[in-house]
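Just so you know, residue 1 is the first one in the sequence shown, and it goes up from there. Just so you know, these numbers come straight off a predicted model, no measurement behind them.
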Amino acid sequence: MEIDILEQEDNSMLHRTDVTFEVVHEDASPSRLSVRDSLAAKLDKDSEEVVVHRLDTKFGMRKTVGYAKVYESAADATEVEQDYILERNKIAADGEGEPEETAE
C-alpha cells in the first residue's frame with residue numbers, strides 16, 4: 001500500500017492538520033485502521049493522533065482517496081472528535097473504560 005499526500009491544511013485553532021490523501025493498493029480496498037497506521041507512519045505521528053474520516057474507492061479502481069485529521073496529541077483528538085468517529089478509528093474517548101458511579 002502506497003500513500004501520497006495530495007493536500008495539507010493547518011488548523012491551528014483545533015490543533016490539527018487536515019489531510020487529503022490517495023492510497024494505491026494491489027488487493028481489496030484497505031481497512032480504515034491499516035490506512036490510519038500507514039498514514040501515521042508516513043507523517044511520523046502516533047496512530048492515536050490520526051483520525052480517518054472518509055475513504056472513497058471507485059468501483060474497479062486500485063486507488064482510494066481519503067480525508068483525515070492529524071492532531072497534535074491524542075487528547076486533542078478525543079476532545080474535538082465525536083464519539084462515533086473515535087469508535088470507528090478505535091481511539092478511546094475520555095472517561096471510557098472507567099467504572100460508572102451510581103447515585104444512591
Side-chain angles (χ1 to χ4, degrees):
M1 174 171 33
E2 181 182 323
I3 296 182
D4 294 321
I5 305 296
L6 301 177
E7 185 179 334
Q8 284 185 337
E9 184 178 334
D10 287 332
N11 189 337
S12 59
M13 289 187 69
L14 295 175
H15 308 288
R16 72 178 186 215
T17 303
D18 298 334
V19 178
T20 303
F21 58 92
E22 181 179 74
V23 180
V24 178
H25 44 89
E26 292 298 318
D27 298 322
S29 299
S31 71
R32 180 180 302 267
L33 296 179
S34 66
V35 170
R36 181 187 76 164
D37 293 341
S38 297
L39 186 60
K42 182 167 182 81
L43 297 172
D44 196 29
K45 298 294 269 183
D46 185 43
S47 61
E48 295 279 316
E49 299 170 353
V50 178
V51 179
V52 177
H53 271 263
R54 182 175 58 244
L55 292 172
D56 183 29
T57 305
K58 302 292 183 206
F59 182 76
M61 300 290 288
R62 297 289 183 208
K63 289 183 184 178
T64 300
V65 177
Y67 171 71
K69 296 175 183 174
V70 181
Y71 288 89
E72 292 177 7
S73 70
D76 290 334
T78 57
E79 185 177 313
V80 174
E81 291 295 329
Q82 295 175 334
D83 289 339
Y84 78 95
I85 295 290
L86 293 173
E87 189 175 316
R88 282 183 189 171
N89 284 275
K90 306 290 187 226
I91 299 172
D94 286 340
E96 200 168 293
E98 296 177 7
E100 292 184 18
E101 295 180 24
T102 57
E104 294 182 20

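For residues 24-46, the salt bridge (charged side-chain N to carboxylate O under 4.0 Å, His left out) pairs, not counting sequence neighbours, are K45-E49.
Under the 4.5 Å side-chain contact rule for hydrophobic residues, V50 and L55 share a cluster. Linking Ile, Leu, Val, Met, Phe, Trp and Tyr whenever their side-chain heavy atoms come within less than 4.5 Å puts V23 and L43 in one cluster. A continuous path of hydrophobic side-chain contacts links V70 to I3 [ILVMFWY only; heavy atoms under 4.5 Å]. The hydrophobic cluster containing M1 also contains I5, counting ILVMFWY residues as joined when their side-chain heavy atoms lie under 4.5 angstrom apart, directly or transitively. Both V80 and Y84 are part of a single hydrophobic cluster, where members link through side-chain heavy atoms under 4.5 Å apart.
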Output, in order, the C-alpha distance, side-chain angles, deciding distance and verdict of side-chain contact (heavy atoms from CB on, under 4.5 Å) for H25 and T64. CA-CA 8 Å; H25 44 89; T64 300; 2.8 Å; yes
Checking side-chain contact (heavy atoms from CB on, under 4.5 Å) for the pair R88/E81: CA distance, chi angles, key distance, verdict? CA-CA 11 Å; R88 282 183 189 171; E81 291 295 329; over 6 Å; no
Report the C-alpha distance between N11 and T17 in whole Å, list the side-chain angles of each, state the deciding distance to 0.1 Å, and finish with yes or no for side-chain contact (heavy atoms from CB on, under 4.5 Å). CA-CA 6 Å; N11 189 337; T17 303; over 6 Å; no
Can you list the steps and then say if L86 with T78 is a side-chain contact (heavy atoms from CB on, under 4.5 Å)? CA-CA 7 Å; L86 293 173; T78 57; 4.3 Å; yes
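Distance check: N89 CG to L33 CG gives 7.0 Å after rounding to the nearest 0.5 Å. E2 CD to D4 CG: the interatomic distance, rounded to the nearest 0.5 Å, is 5.0 Å. S29 OG to R62 CZ: the interatomic distance, rounded to the nearest 0.5 Å, is 8.0 Å.
Between I85 and H53, the closest side-chain pair of non-hydrogen atoms falls below 4.5 Å.
Heavy atoms from other residues, nucleotides or ligands lying under 6.0 Å from CD of E22 number more than 12.
Judged as a side chain to side chain donor-acceptor pair (under 3.5 Å), and not counting sequence neighbours, the contacts of D56 are K58.
When atom types are taken as modelled, the side chain of S38 and the backbone of V35 share no donor-acceptor pair closer than 3.5 angstrom. Using modelled atom types, no side-chain atom of D18 and backbone atom of K69 make a donor-acceptor pair closer than 3.5 Å.
Of the N and O atoms on the side chains of S73 and H15, not one donor lies less than 3.5 Å from an acceptor on the other residue. A donor atom on one side chain and an acceptor atom on the other are not found under 3.5 Å apart for E79 and Y71.
F21 approaches Y67 most closely through the heavy-atom pair CE2-N, 3.6 Å. Residues S47 and A40 approach most closely at CA-CB, 3.8 Å, considering heavy atoms.
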